[in-house]
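Below is one structure, written out as structure tokens; the observations come after it.
What you see below is based on every heavy atom in this structure, not just the backbone, and it leaves out hydrogens, waters and symmetry mates. Every chain is numbered from 1, with letters handed out A, B, ... down the list of sequences. Please read all numbers here as calculations on a predicted model, not as lab measurements.
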Number of protein chains: 4
Amino acid sequence: MTETIPNNHRRTERSKHAILDATRELLSEGGVRALTVEAVASRSGVAKTTIYRRWRDKWHLALDAVVIDIIPQFAYPADVGDTRKELVVFVDSVVDLLASHLYGPSLQGLVSELSTNPQLARLYREQVVEPRRETLAPIIERGIARGDLRPGTDVRTVHEFLVGPIFYRLLFSGGPLDSGMGTRLVDGILDGLRPD
Amino acid sequence: MTETIPNNHRRTERSKHAILDATRELLSEGGVRALTVEAVASRSGVAKTTIYRRWRDKWHLALDAVVIDIIPQFAYPADVGDTRKELVVFVDSVVDLLASHLYGPSLQGLVSELSTNPQLARLYREQVVEPRRETLAPIIERGIARGDLRPGTDVRTVHEFLVGPIFYRLLFSGGPLDSGMGTRLVDGILDGLRPD
Amino acid sequence: MTETIPNNHRRTERSKHAILDATRELLSEGGVRALTVEAVASRSGVAKTTIYRRWRDKWHLALDAVVIDIIPQFAYPADVGDTRKELVVFVDSVVDLLASHLYGPSLQGLVSELSTNPQLARLYREQVVEPRRETLAPIIERGIARGDLRPGTDVRTVHEFLVGPIFYRLLFSGGPLDSGMGTRLVDGILDGLRPD
Amino acid sequence: MTETIPNNHRRTERSKHAILDATRELLSEGGVRALTVEAVASRSGVAKTTIYRRWRDKWHLALDAVVIDIIPQFAYPADVGDTRKELVVFVDSVVDLLASHLYGPSLQGLVSELSTNPQLARLYREQVVEPRRETLAPIIERGIARGDLRPGTDVRTVHEFLVGPIFYRLLFSGGPLDSGMGTRLVDGILDGLRPD
DNA sequence: GACTAAGCGAGACGGTACGTCGCGTCTTAAA
DNA sequence: TTTAAGACGCGACGTACCGTCTCGCTTAGTC
């Protein structure tokens with residue numbers, strides 16, 4: 001047991017988990033409105049000070065809590081030899097996430113802070129937007145190689161085309177986030193609006 | 001006969017304008033963070049009570065203040081005989097709005113409340129989303145009639161395709177809202193991603 | 001019909017009564033806490049302005065409303081040939097008044113304003129304290145004449161001795177204001193504390 | 001062992017004193033009308049929240065502030081072998097208190113709330129009325145033992161006889177609260193009104 | 001029988017204070 | 001040294017009544 005682990009490492013980790021769990025519970029119970037530093041503290045049996053020691057404010061905490069959860073889902077999508085199918089898989093994973101009880105309402109509550117606080121915006125872009133784009137990239141590359149997509153197709157643009165409408169529904173139009181969205185979106189984007 | 005015209009019409013209108021002006025000033029100076037009912041009151045020389053008499057809370061006030069401004073812009077777009085051009089005009093008007101100093105930051109600050117408070121969401125949909133869709137509708141109809149668009153093209157879907165990516169930039173990816181966006185977006189949506 | 005009555009005398013009188021009635025209703029329903037100028041206005045079907053035109057504030061209104069009621073009760077007490085009995089009648093009338101649903105709670109709610117606002121204090125003294133003392137005076141005089149009371153007995157002092165304890169119960173000690181109080185008070189004051 | 005002594009004892013005590021001092025200052029400067037939680041906060045350099053954390057409202061605060069001051073005065077009066085003198089000492093202490101710049105006006109302003117709010121009424125009775133009665137009790141007992149007072153003389157009644165008139169002057173008749181009152185009151189009560 | 005001025009209803013308004021919520025900082029004692 | 005416990009300063013919230021202010025309508029008594 002000559003582990004060079006710092007002094008109170010164990011304790012620290014334990015309280016960190018308790019905090020993040022409490023945060024997720026509160027978020028899925030009542031959205032950001034229910035997310036109060038005091039509520040997190042009392043539910044996790046931790047002092048407010050301990051929370052502030054590790055997170056700048058409740059927004060950073062919330063972002064951490066919900067983002068940690070979803071990072072594993074960004075595994076590179078399998079090459080199934082069919083660009084359309086691969087794109088549908090990509091879009092569906094986004095739809096599923098935003099339709100979930102934890103992530104959807106959390107994001108609704110976070111977005112104002114996220115888009116307004118530069119520090120938080122940077123974090124979100126680094127930890128969510130870019131990883132998602134990097135998940136999409138190989139699909140696009142394979143699609144171009146296969147001749148399914150126009151050469152020069154830009155990942156960034158495709159990404160915006162595919163996820164923009166989903167977020168628009170979540171935040172503004174209130175349209176449903178159902179499982180059919182993937183197909184419809186991908187087909188629309190692939191075919192375009194012009195008649196053949 | 002029984003025209004029940006409000007009693008103190010003049011006074012009411014005067015204070016209403018003062019309040020909305022102050023609201024817009026504060027919003028464009030410091031975004032929603034600077035928008036405090038107390039600040040609005042003191043800047044407009046109006047009592048806090050007067051504000052609360054007319055608006056449920058600062059969110060309704062903010063929505064009113066920024067939305068009233070833009071309603072006139074939703075005039076039906078001219079028929080110029082070219083669907084692509086008409087769509088670009090539509091998209092550019094949205095881009096310009098979101099890129100403006102007042103509307104963009106206001107919307108960033110409002111979106112969380114907007115998507116989370118059902119009452120506010122309804123208002124936004126009725127006063128913004130739907131009018132915008134009704135602006136787009138005749139363009140689509142003319143496009144189909146001219147043979148520029150696939151028969152059966154759905155306004156709702158096109159609307160989401162066109163504005164979703166813009167809002168996504170404003171709120172998440174931080175991409176630029178420049179004047180070139182209109183062309184790129186419209187062409188992407190019209191042509192689709194498949195090679196010809 | 002050469003009455004020099006002001007213009008809208010009838011109307012004026014009607015609204016005055018409506019206001020005072022509403023005031024008494026509110027006072028007996030919820031004490032001074034329920035007495036709101038707006039409540040009086042809406043209940044009496046009168047405009048707030050009309051109320052303020054006639055009374056300086058709700059305290060003057062309340063005083064008027066409850067005092068008008070009791071003035072008739074200050075009839076000179078009959079000479080029944082028995083000073084003790086006459087005093088008991090006097091005290092009982094005060095006890096009954098303070099024990100009533102309208103007057104007791106009203107006075108509790110009014111007393112702070114009454115003792116603190118000089119104008120109101122003067123009114124109360126002129127319209128209540130002094131008339132009451134003048135009711136007591138002939139009893140004392142007759143008592144002295146009969147040899148029931150010490151010559152030189154001061155009305156003011158006797159008045160304070162008799163009513164002070166009643167008000168003390170109403171306002172501070174919370175003791176009961178029952179019908180036995182009259183006898184006990186009068187006997188105590190007449191006999192004194194010393195053994196015979 | 002488990003002495004759960006409050007955590008931030010020092011701080012707590014400091015702010016408590018500051019608050020009570022400010023309260024007393026405001027009360028003696030302008031009576032209850034000047035007693036505003038916000039004024040107390042700003043004068044004591046304490047946050048409004050801190051005040052509300054410890055006192056339910058400004059009435060409880062006021063009661064505490066003025067009552068704490070007077071509790072020490074309720075020491076048991078010395079046995080000087082003369083019932084009349086002891087009673088005069090008792091009455092004079094009450095008169096002096098009510099004649100003081102802090103206590104008199106404070107009580108005038110408090111009495112309405114005091115007699116109307118059951119919780120506050122209970123506090124006042126427990127902390128003021130009863131202790132005062134217990135101060136009087138041994139005087140009465142000694143008086144009876146000495147043969148100065150009728151056997152069976154009731155403390156409660158004597159208390160009401162003695163203090164009732166004082167409060168009546170303070171609150172209603174506006175009579176002077178001078179130092180001669182003690183003698184006059186006590187003699188009146190001891191001798192009664194009947195001729196010898 | 002129409003005219004006209006006082007009085008009135010309706011209710012918006014500026015203002016003061018209320019009591020509450022949640023933030024992020026701080027102090028202290030115990031582990 | 002880190003933590004739990006929790007008091008604190010602060011800024012804003014939304015509410016309750018106050019007393020003042022327009023503004024037309026009603027309504028007598030006058031012409």
Side-chain angles (χ1 to χ4, degrees), chain A residues 6-9 11-12 14-15 33 35-39 41-42 44-53 55-59, chain B residues 4-16 33 35-39 41-42 44-58, chain C residues 1 3 5-12 14-15 33 35-39 41-42 44-59, chain D residues 3-16 33 35-39 41-42 44-58:
Chain A
N7 209 345
N8 288 334
H9 196 247
R11 228 169 145 197
T12 299
R14 221 180 312 131
S15 66
R33 247 179 272 280
L35 186 69
T36 288
V37 177
E38 257 158 10
S42 92
S44 63
V46 140
K48 275 204 302 179
T49 336
T50 307
I51 298 174
Y52 280 111
R53 214 171 281 124
W55 290 275
R56 163 175 293 270
D57 56 31
K58 73 168 175 174
W59 306 107
Chain B
T4 326
I5 288 168
N7 218 343
N8 290 346
H9 211 255
R10 218 75 53 76
R11 262 170 116 194
T12 299
E13 280 306 304
R14 219 180 315 130
S15 68
K16 186 173 173 183
R33 246 180 276 278
L35 186 69
T36 284
V37 176
E38 271 164 359
S42 90
S44 63
V46 140
K48 229 170 29 144
T49 342
T50 303
I51 299 174
Y52 281 112
R53 241 173 244 130
R54 224 187 304 269
W55 292 275
R56 165 175 293 272
D57 55 31
K58 72 170 177 175
Chain C
M1 305 296 176
E3 293 194 54
I5 286 167
N7 210 345
N8 290 335
H9 198 245
R10 214 78 51 77
R11 233 168 143 201
T12 299
R14 221 180 311 130
S15 67
R33 247 179 273 279
L35 187 69
T36 288
V37 178
E38 259 160 6
S42 91
S44 62
V46 140
K48 274 204 305 179
T49 336
T50 307
I51 298 173
Y52 280 111
R53 216 171 278 128
R54 223 184 310 267
W55 291 276
R56 162 175 294 270
D57 56 30
K58 73 169 176 174
W59 306 107
Chain D
E3 284 202 56
T4 326
I5 287 167
N7 216 345
N8 291 345
H9 212 255
R10 217 75 53 75
R11 263 171 116 192
T12 299
E13 280 307 304
R14 220 180 313 132
S15 66
K16 186 173 173 180
R33 248 180 273 278
L35 187 68
T36 283
V37 176
E38 270 165 359
S42 90
S44 63
V46 140
K48 233 176 15 153
T49 343
T50 303
I51 298 174
Y52 281 113
R53 240 172 241 130
R54 225 187 304 269
W55 291 276
R56 163 175 295 272
D57 54 32
K58 73 170 177 177

Partners passing salt bridge (Lys or Arg N to Asp or Glu O under 4.0 Å) against [X] (at least two apart in sequence or in another chain):
X	answer
D:Lys16	none
B:Glu13	none
B:Lys58	none

Q. Counting side-chain heavy atoms from C-beta on, which of E:dA10, F:dC13, F:dC18 comes nearest to C:Thr36?
A.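 Ranking E:dA10, F:dC13, F:dC18 by closest atom to the C:Thr36 side chain puts F:dC18 first.
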Q: Quick one: list whatever passes side-chain contact (heavy atoms from CB on, under 4.5 Å) with D:Thr36, sequence neighbours left out.
A: D:Glu38, D:Ala39
(Q) Among residues at least two apart in sequence or on other chains, which ones pass side-chain contact (heavy atoms from CB on, under 4.5 Å) with A:Ser42? (A)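 So A:Ser42 forms no side-chain contact (heavy atoms from CB on, under 4.5 Å) with any residue.
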Q | Strand contacts (DNA chain F) in residues 48-57 of chain B, 4.0 angstrom heavy-atom criterion | A |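 Per residue number, the list reads B:Lys48, B:Thr49, B:Tyr52, B:Asp57.
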Length of the [atom1]-[atom2] vector between [X] and [N], whole Å:
X	N	atom1	atom2	result
C:Glu38	F:dT15	CD	P	15 Å
C:Trp59	F:dC17	CH2	P	12 Å
B:Arg11	F:dC21	CZ	P	10 Å

(Q) Quick check on DNA chain F: between D:Lys16 and C:Leu35, whose nearest nucleotide comes earlier from the 5' end? (A)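 Going by which nucleotide is closer to the 5' end, it is D:Lys16.
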Q.
Nearest heavy atom decides the nucleotide; on that basis, is D:Gly45 or B:Lys58 closer to the 5' end of DNA chain F?
A.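 Per heavy-atom nearest nucleotide, the more 5' residue is D:Gly45.
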Q | Atom pair OG1 (B:Thr50) and NZ (B:Lys48), whose distance is rounded to the nearest 0.5 Å | A | 11.5 Å
Q.
Is there a side-chain contact between C:Ser15 and the phosphate of E:dG7, meaning an N or O under 4.0 Å from OP1 or OP2?
A. no
